[in-house]
Amino acid sequence: MKGSALELVSVTKRYGITTAVDRIDLKVPAGTYCCLLGPSGCGKTSTLRMIAGHEAVSEGDIIIGAANVTDLPPARRGTAMMFQSYALFPHLNCIDNVAFSLRMRGVAKDVRRAKAMELLKLVAMDPYAERLPAQLSGGQQQRVALARALITEPQILLLDEPLSALDPFLRIKMRAELKAMQKQLGITFVHVTHGQDEAMALADLVVVMNQGLIEQAGSPREVFNRPRTAFVARFIGGHNVIETSAGPIAVRADRIRLSRSEGGHLRARVRDVEYQGTYVQVGLESPAARELTAQVGEAAFDAAPLNPGDEVAVSWGEADIHRLSPAA
């Protein structure tokens, strides 16, 4: 299999008078793992469904490889979709679930079952080939759904929150497997998620969406370390957005220093204290920031513990300040 590049050119989606996606431009290089990240209602799922051809584009163009596929039906786009629910047929065993699309194309039974078994081996599910979906765990069902999506040899695989139904431990395990699979196959993945950790772990390209717009697109390190707007800094997590006379700035929570002494950049009151293992998260109340948090190393916190209601001086280094744009 080989991936293709994806380009969205001024893509817009309207539902009546509501604009769900507003003239977005995006380039995803071939072989990239791209995550569309954002809160519910930001337009990420509508964007994915337009790429798949399950939603009509109101304006703009979708280009896969060298072909403009905007008006093509889903089956002619070179894409495949893996749904959140996995959508396996309950009455078919694993091998027949995987082979189903080839059956619909009239491929001979022995040929399609042989191909399906190859893909079940690829996702380490060949020992379960004769089992029904109800006899599988959630992670096993996901592997079967992945094999079924890959059997048409798509250039781009589209994933609609594929890990959301899994428990936290299995979710971490499966995202590592997804990433390894994408690298092995070399095809382009476009994955919708509202999970910041998931996007950071999986993506080569993170696309943060808000109210139908792309707020920022870049590598996970770039988006985390250099958020462009206050929305990105808040949504991606781990940052404080602080209002100053020169405009809003972001300071990472692990770069905030707390002290009982006078001085500092601002004064704050401890709102809550949460033990997180390697660090203690201290929530603070201050007029300068809507939500202010500090991550204090476990040993440092134990040396000078804080309690709700304590007043502290809050400071940071000049090198830790990242200036933000006021809006997307």
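These figures come from a predicted structure and were not determined experimentally.
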Practice item. Take Arg14 and Val21, measure what side-chain contact (heavy atoms from CB on, under 4.5 Å) needs, and give me the verdict at the end. Key: CA-CA 7 Å; Arg14 298 189 189 90; Val21 179; over 6 Å; no

Exercise for review: Output yes when a side-chain donor or acceptor of Arg148 lies under 3.5 Å from a complementary backbone atom of Ala87, and no otherwise.
Suggested key: yes

Practice item. Would you please test Lys179 and Glu198 for salt bridge (Lys or Arg N to Asp or Glu O under 4.0 Å) and show each step? Key: CA-CA 11 Å; Lys179 181 71 171 179; Glu198 193 170 300; over 6 Å; no

Practice item. Start with the C-alpha gap between Arg271 and Glu285, add the side-chain angles, then the distance that decides, and say whether salt bridge (Lys or Arg N to Asp or Glu O under 4.0 Å) holds. Key: CA-CA 6 Å; Arg271 182 181 65 247; Glu285 295 176 343; 5.1 Å; no

**Study point:** Verdict with supporting geometry, Met125 and Leu119, side-chain contact (heavy atoms from CB on, under 4.5 Å)
**Key:** CA-CA 8 Å; Met125 283 298 293; Leu119 287 164; over 6 Å; no

**Study point:** Nearest heavy atoms of Val273 and Leu306, plus distance in Å
**Key:** CG2-O, 3.7 Å

Point to revise | Check: Asn240 side chain, Thr293 main-chain N or O, donor-acceptor pair, under 3.5 Å | key: yes

Review point. Does a salt bridge link Glu118 with Arg113, judged by any charged N lying under 4.0 Å from a carboxylate O?
Key: no

Point to revise | Charged N-O contact under 4.0 Å between Arg260 and Asp310 | key: yes

Exercise for review: Taking all heavy atoms of Ala313 and all of Ser261, pick out the closest pair and write down the distance.
Suggested key: CB-O, 3.3 Å

Practice item. Tell me whether the guanidinium CZ or amine NZ of Lys173 lies under 6.0 angstrom from the six-membered ring centre of Phe169 and within 45° of its axis. Key: no

Point to revise | Test: Arg23 and Glu59 ion pair at under 4.0 Å | key: no

Point to revise | Test side-chain contact (heavy atoms from CB on, under 4.5 Å) applied to Asn210 and Leu213, step by step | key: CA-CA 5 Å; Asn210 180 34; Leu213 300 169; 5.9 Å; no

Review point. Side-chain heavy atoms under 4.5 angstrom apart, residues restricted to Ile, Leu, Val, Met, Phe, Trp, Tyr: same cluster for Tyr275 and Leu284?
Key: yes

Check your understanding: When you look at Glu55 and Lys13, which way does the salt bridge (Lys or Arg N to Asp or Glu O under 4.0 Å) test go after all the steps?
Key -> CA-CA 9 Å; Glu55 292 280 0; Lys13 179 61 184 179; 3.7 Å; yes

Review point. Any side-chain donor-acceptor pair under 3.5 Å between Ser46 and Tyr15?
Key: yes

Exercise for review: Kindly say whether Leu132 contributes a backbone atom to a donor-acceptor pair with the side chain of Asn93 at under 3.5 angstrom?
Suggested key: no

Study note, to complete from the structure: When rounded to the nearest 0.5 Å, the distance separating CZ of Arg228 from CD of Glu222 is 10.5 Å

Review point. Taking the inter-plane angle between the rings of Phe189 and Tyr33 on a 0 to 90° scale, is it parallel (under 30°), tilted (30 to 60°) or perpendicular (over 60°)?
Key: tilted

Check your understanding: Tell me, do Leu202 and His191 make a side-chain contact under 4.5 Å, heavy atoms counted?
Key -> yes

Check your understanding: Is there a donor-acceptor pair under 3.5 Å between the side chain of Gln141 and the backbone N or O of Leu88?
Key -> no

Point to revise | Steps toward salt bridge (Lys or Arg N to Asp or Glu O under 4.0 Å) verdict (Asp71, Arg77) | key: CA-CA 10 Å; Asp71 298 320; Arg77 293 186 175 216; over 6 Å; no

Exercise for review: Check whether any side-chain N or O of Gln196 sits under 3.5 Å from a backbone N or O of Ile236 as a donor-acceptor pair, and report yes or no.
Suggested key: no

Check your understanding: Checking side-chain contact (heavy atoms from CB on, under 4.5 Å) for the pair Val312/Val270: CA distance, chi angles, key distance, verdict?
Key -> CA-CA 7 Å; Val312 292; Val270 175; 4.3 Å; yes

**Study point:** From CE (Met81) to CZ (Arg49), nearest 0.5 Å
**Key:** 6.0 Å

Point to revise | Expected output: side-chain Lys44 to main-chain Pro39 donor-acceptor under 3.5 Å | key: yes

Practice item. Would you give the length of the straight line joining atom OG1 of Thr45 to atom CG of Asp160, rounded to the nearest 0.5 angstrom? Key: 5.0 Å

Study note, to complete from the structure: Here the pair of heavy atoms bringing Phe224 nearest to Met200 is CB-SD, 4.3 Å

**Study point:** Candidates Arg252, His322, His239 - the one meeting side chain to side chain donor-acceptor pair (under 3.5 Å) with Asn225
**Key:** Arg252

Practice item. Supply the members, apart from Ile63, of the Ile/Leu/Val/Met/Phe/Trp/Tyr cluster built from side-chain contacts under 4.5 Å; use none for a lone residue. Key: Val9

Check your understanding: Is it true that Arg171 and Asp197 make a salt bridge, defined as a side-chain N closer than 4.0 Å to a carboxylate O?
Key -> no

Review point. Do you know the tightest heavy-atom contact between Asp204 and Gly31?
Key: OD2-O, 4.3 Å

Exercise for review: Give a yes or no on this: more than 12 heavy atoms of other residues, nucleotides or ligands lie within 6.0 Å of atom CD of Gln295.
Suggested key: yes

Revision key, fill the gap. CD (Glu130) and SG (Cys94) are apart, to the nearest 0.5 Å, by 8.5 Å

**Study point:** Glu298 versus Thr278, side-chain donor and acceptor atoms under 3.5 Å
**Key:** no

Exercise for review: Verify, without hydrogens or angle tests, whether Asn97 (side chain) and Phe89 (backbone) share a donor-acceptor contact under 3.5 angstrom.
Suggested key: yes

Check your understanding: Do side-chain atoms of Thr32 reach the backbone of Cys34 as a donor and acceptor pair under 3.5 angstrom?
Key -> no

Review point. If you measure from CG on Leu120 to NZ on Lys115, what distance do you get to the nearest 0.5 Å?
Key: 11.5 Å

Review point. Between the side chain of Thr19 and the main-chain N/O of Asp22, is any donor-acceptor distance below 3.5 Å?
Key: no

Point to revise | Note: Arg255-Asp320 ion pair, threshold 4.0 Å (strictly below) | key: yes

Check your understanding: So which heavy atom on Ile156 is nearest to which on Ala5, and how close?
Key -> CD1-O, 4.4 Å

Check your understanding: For the residue pair Ala199 and Pro220, what are the closest heavy atoms and their distance?
Key -> O-CG, 4.4 Å

Review point. Are any side-chain N or O atoms of Thr188 and backbone N or O atoms of Ser4, one a donor and one an acceptor, separated by less than 3.5 Å?
Key: yes

Review point. Quick one: CD1 on Ile242 to CG on Leu292, what's the gap to the nearest 0.5 Å?
Key: 5.5 Å

Check your understanding: Does atom NE2 of His194 have more than 12 heavy-atom neighbours from other groups under 6.0 Å away?
Key -> no

